[in-house]
K.L.:
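Mind looking over this structure? Questions follow.
Hydrogens, waters and symmetry mates are skipped; everything else that's a heavy atom, side chains included, is used. Indexing begins at 1, ligand by ligand and atom by atom, following the structure's order.
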Amino acid sequence: MTNRVYNFNAGPSTLPLEVLQQAQEELLNYQGTGMSVMEISHRAKEYEAINAEAEASLKELLNLGDDYRVLFLQGGASTQFTMIPMNFLTPEKTADYILTGAWSEKAQKEAVKFGQVHVAASTQEGNYVRIPEFNEIKLSEAPAYVHLTSNNTIFGTQWQEFPGFGDVPLIADMSSDILSHPFDASKFSLIYAGAQKNLGPSGVTVVIIRQSMIDQAPKSLPSMLRYDIHAKNNSLYNTPPTFSVYMVNLVLRWLKAQGGLTAIGQHNEAKAALIYDAIDQSSGFYTGHAEKNSRSRMNITFRLPSEELEKAFNAEATKQGMIGLKGHRSVGGMRASTYNAMPLAGCQALADFMKDFQRRNG
Ligand SMILES: *Cc1c(COP(=O)(O)O)cnc(C)c1O
């Protein structure tokens, strides 16, 4: 009917089929308005309802109360790299960064432009194959905040448990694993994520922020870069990316219908296990990039014995309807992104293909 492939792209990435179908059904006439959701005003009650439901669903899924706000911003996670130090890094303080991959490096490099920065831990040695142990993290004397990247999309590592630093605000880039498993979100003062991996299409960035952080923005900052302005205006200070927020809202409804974070966490665990088992049972034909206790359940990175075999693997997988498996150039090899919307059957198909490919080429 639809000729859909199993889409292992890292982002933009696969979306739930049911969500795409619902968007298709209501594309021309949203809730009897006679207009597409793309054509209605962002001040219309229909859009305000989407905006409010999406905020409420995110808080419900993360078990957060009235001391948090959810903002729908633009500029991608990359703009958050800049907004965070602009809003929170004061001259007397230091911004502490834990480096676990390319995205945390980028976040840290932006902060350097605005003040003092301290690298609290780094696993760059060995090309980011792991997450640091808690006792490797050494904070500065006066941290304004600690920043970490919960899942390293390129290297395929993921924090299995989060550290806490008492009163020091903890900030996380969760672009590639937000809402993929249960965790204590109240540990964090700010969580941000570009939507295009686990939440919806590109164009919107979700920011979950503790109320007490909102008013720290220096009044001299450009309005569009101030969290307080966006919060006061319910993310409607300027025209938001309305269609992207609408899609995120549908994805959140879908996620609740799946049973929320506990259920999706178990599902993601089972999906990743199929592929990791194929790696671990290959007697070294496939080698994972990440150390076992740092493995990501969202981005699975592995190599084959030669680049020639990697090319053949990718080409054959594509022919069989499994696309987007070529790894990032800084790691090489293959990367299977297995976000929430990737069905178990997709991971099973890939694991079966891996075994078959090894049998023919091993
Ligand atoms: C993709 C990604 C980004 C970049 O997101 P943009 O929305 O393109 O700016 C940042 N951090 C992580 C962890 C990512 O996976």
Side-chain angles (χ1 to χ4, degrees), residues 7-15 70-86 95 97-111 113 122-124 127-128 130-132 145-160 162 170-181 183 188 190-208 224-225 230 235 240-241 243-245 247-248 251 268 272 289-290 294-301 324 326-331 335-342:
N7 174 1
F8 290 96
N9 273 321
S13 45
T14 191
L15 288 166
V70 178
L71 308 176
F72 300 106
L73 306 184
Q74 297 180 69
S78 300
T79 296
Q80 294 308 303
F81 297 167
T82 308
M83 272 177 79
I84 288 162
M86 284 180 105
Y97 282 78
I98 301 176
L99 304 185
T100 52
W103 293 114
S104 33
E105 278 183 13
K106 280 197 173 156
Q108 182 240 352
K109 282 189 182 129
E110 287 301 300
K113 297 173 185 170
S122 170
T123 54
Q124 195 207 353
N127 204 18
Y128 292 121
R130 65 184 186 92
I131 298 297
Y145 58 82
V146 180
H147 178 284
L148 63 80
T149 312
S150 58
N151 182 72
N152 299 283
T153 325
I154 292 174
F155 294 94
T157 61
Q158 184 176 27
W159 290 79
Q160 315 290 313
F162 293 113
L170 182 57
I171 294 181
D173 175 358
M174 296 199 181
S175 292
S176 51
D177 72 345
I178 190 164
L179 303 183
S180 67
H181 63 102
F183 70 99
F188 294 87
L190 192 153
I191 293 168
Y192 64 97
Q196 67 273 18
K197 278 132 191 173
N198 228 355
L199 290 175
S202 61
V204 62
T205 310
V206 169
V207 173
I208 298 146
M224 281 296 287
L225 300 178
H230 289 295
S235 307
F243 190 73
S244 296
V245 176
M247 288 295 292
V248 167
V251 169
N268 287 332
H289 179 77
S294 295
R295 280 176 166 176
S296 169
R297 292 170 298 278
M298 296 277 100
N299 308 98
I300 301 170
T301 47
K326 191 175 180 327
H328 190 274
R329 62 192 176 282
S330 53
V331 178
R335 168 174 56 179
S337 297
T338 54
Y339 300 126
N340 286 352
M342 171 59 65

K.L.:
Kindly assign one of parallel, tilted or perpendicular to the pair F188 and F162, based on the angle between their ring planes and the thresholds 30° and 60°.
P.N.:
perpendicular
K.L.:
Restricting to non-hydrogen atoms, name the atom on G203 and the atom on S244 that form the minimum distance, rounded to 0.1 Å.
P.N.:
CA-OG, 4.0 Å
K.L.:
Mind jotting down which protein residues get a heavy-atom contact under 4.0 Å with ligand 1? Chain and number order, please.
P.N.:
G76, A77, S78, F81, W103, T149, N151, T153, D173, S175, S176, Q196, K197
K.L.:
Mind checking what makes side-chain hydrogen bond (donor to acceptor under 3.5 Å, both in side chains) contact with T205, not counting sequence neighbours?
P.N.:
none
K.L.:
I'd like to check the side-chain hydrogen bond (donor to acceptor under 3.5 Å, both in side chains) partners of N340; sequence neighbours left out, ordered by chain and number.
P.N.:
N268
K.L.:
At what distance, to the nearest 0.5 angstrom, does CG of N198 lie from OG1 of T153?
P.N.:
10.5 Å
K.L.:
Among all residues two or more places apart in sequence or in another chain, which pass the side-chain hydrogen bond (donor to acceptor under 3.5 Å, both in side chains) test with H147?
P.N.:
Y192
